[in-house]
Colleague: 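Provided herewith is a single structure, encoded as structure tokens, for subsequent inquiry.
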Number of protein chains: 2
Amino acid sequence: MAVYLEVAEALESDIRNHFDSGQFLPSEMELAERFSINRHTLRRAVDELVNAGLLLRQHGKGTMVVDNKIEYSLRSKGRFTESLEDIGLQASCEVISIREISADIKLAKRMWVEVGTPITHIETVRCIEQAPVCLISHYLVSHLLPGIAQTFKEGSLHQWIEMQYQKKIRRDQSLIGASLPTRAEALQLKCSRSLPLIIVRSNNRLKESNEIIEYSVSRSRSDVFEMKINPEE
Amino acid sequence: MAVYLEVAEALESDIRNHFDSGQFLPSEMELAERFSINRHTLRRAVDELVNAGLLLRQHGKGTMVVDNKIEYSLRSKGRFTESLEDIGLQASCEVISIREISADIKLAKRMWVEVGTPITHIETVRCIEQAPVCLISHYLVSHLLPGIAQTFKEGSLHQWIEMQYQKKIRRDQSLIGASLPTRAEALQLKCSRSLPLIIVRSNNRLKESNEIIEYSVSRSRSDVFEMKINPEE
DNA sequence: GAGTGGTCTAGACCACAGG
DNA sequence: CTGTGGTCTAGACCACTCG
């Protein structure tokens, strides 16, 4: 068996036993010395664990452990099955950012509004036991929700809207896809870049007027979530 | 930009232009000389294309081109949006295998049948313009569909069942997830192991008796498909 | 045996993060 | 500035395939 594979295995059990998620490994130099191998060989071993999703390299900073015991406890529960009615609607632990933007041509098309329409862009993250599991981008038609950028702080955005604005929201069609996370997404979700995300894009309308009020894109860890569809016939 | 990335790009267009699927590349030594770089750097470049699914290394033999031009024509059309009613139900070009098995504990649980119940397991592949894009595993309750293993050859399995057995089928709940392909799946779908698949698991029942007649698992290329959900309210 | 890819070592320098 | 990971080069030897 190749040296780098043996080192990878040894390293993995070291990490499982002595490291928590978010911690940084010793430097490549130090690890190479510890295993009495060349740095290149050590790197090859680390490559294995990076590909497996256990480690995340950060240029100039170090190599972080990203697979953690929390994740195990999540996994042991099995994957969440999330009713589609809730996706993008339910309690989001935390707001990451709120920005006022105006619709570019792509967004305008998706939301059926004019190019340049003022949009409130809210990024949220949903956590389970402190572990981020889902990122959601909400694009809201600003003039239908005056002041929301100032007032909304946390929790369920849709509940907030229904409470504060006395508006009922209706879920429109959704599209479900999958892709690998960007570097930024992997960092935010504290996961490997080789863990697929489930992407759900959906439009939401006002129940009365049928106007589109929101377009949202959610990106959920596929090791945690599974989307449930109930045909209503 | 790193040398190995530039070489990877140059190599890729070389391959697209001058190589067919199944052909072997010149040796690493020769390629390294041709690009005036070290063999290690050349290998790093080839790594990229191997990961991308364009090349396949074979120890002692050489490096083979495994990509197909079809993939491009698919991509250029954009992704299919597939109505959920169709997933796992619609025409499957080709049957890969048909086997009679008996339900193990896992399958029995999913299908709500007794352990040991005879099941007909049909593997099919859906193609678009000769390119495989979706693998489907059908698990059918054998005694409800006598002789299906002998008679079904190709096309839509569900149409076949409705025609031959005069039974109406009703889609039950579905679960949608995502994961990376196994080695075997990547080979069958002629795609890279880093292209996520969309996994849809669903049960189908007889419309009249409400008995479960089928459990199916489909695995679709996420660069080709996107699943559409219409809320029916 | 000749030729291919696979691994390991060694040393150098670059690019990025953070004090 | 220091320390980290990222890249490139160079040379050696091993393991596999095939004639």
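What you see below is based on every heavy atom in this structure, not just the backbone, and it leaves out hydrogens, waters and symmetry mates. All values derive from a computational prediction rather than experimental measurement. So you know, we letter chains A, B, ... as the sequences are listed, proteins then strands, and number each from 1.
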Colleague: Could you list the residues that satisfy ring pair (Phe, Tyr, Trp, His ring centres under 6.0 Å) with A:H40, not counting sequence neighbours?
Modeller: none
Colleague: Considering only heavy atoms of chain B and a distance under 4.0 Å, specify the first and last nucleotide of DNA chain D in 5' to 3' order that meet this criterion.
Modeller: D:dT7 to D:dC18
Colleague: Do B:L197 and B:S220 have side chains that get closer than 4.5 Å, going by heavy atoms?
Modeller: no
Colleague: Do B:T41 and B:V7 have side chains that get closer than 4.5 Å, going by heavy atoms?
Modeller: no
Colleague: In residues 35-51 of chain B, which ones come under 4.0 Å of DNA chain C, going by heavy atoms?
Modeller: B:R39, B:H40, B:R43
Colleague: Mind jotting down which residue pairs meet the salt bridge (Lys or Arg N to Asp or Glu O under 4.0 Å) criterion with at least one end in residues 111-125 of chain A? Sequence neighbours excluded, please.
Modeller: A:E123-A:R219
Colleague: Is there a side-chain contact between A:F24 and A:Q58 (heavy atoms, below 4.5 Å)?
Modeller: yes
Colleague: Kindly give the atom pairs (protein nitrogen or oxygen, nucleotide nitrogen or oxygen) under 3.5 Å for nucleotides 16-18 of chain C.
Modeller:
| residue | atom | partner | partner atom | Å |
| --- | --- | --- | --- | --- |
| C:dG18 | OP1 | A:K61 | NZ | 3.4 |

Colleague: Can you find a heavy atom in the side chain of A:L140 that is under 4.5 Å from one in the side chain of A:I119?
Modeller: no
Colleague: Dump the intermediate steps for salt bridge (Lys or Arg N to Asp or Glu O under 4.0 Å) on B:E94 and B:R126, then the final yes or no.
Modeller: CA-CA 7 Å; B:E94 216 176 305; B:R126 294 183 59 187; over 6 Å; no
Colleague: Are the side chain of A:T151 and the backbone N or O of A:G147 linked by a donor-acceptor pair below 3.5 Å?
Modeller: yes
Colleague: Between A:D223 and A:R221 (salt bridge meaning N to carboxylate O under 4.0 Å), is one present in this structure?
Modeller: yes
Colleague: For residues 30-55 of chain B, which residue pairs pass the salt bridge (Lys or Arg N to Asp or Glu O under 4.0 Å) check, not counting sequence neighbours?
Modeller: B:E28-B:R39, B:E28-B:R43, B:E30-B:R34, B:R44-B:E48, B:D47-B:R57
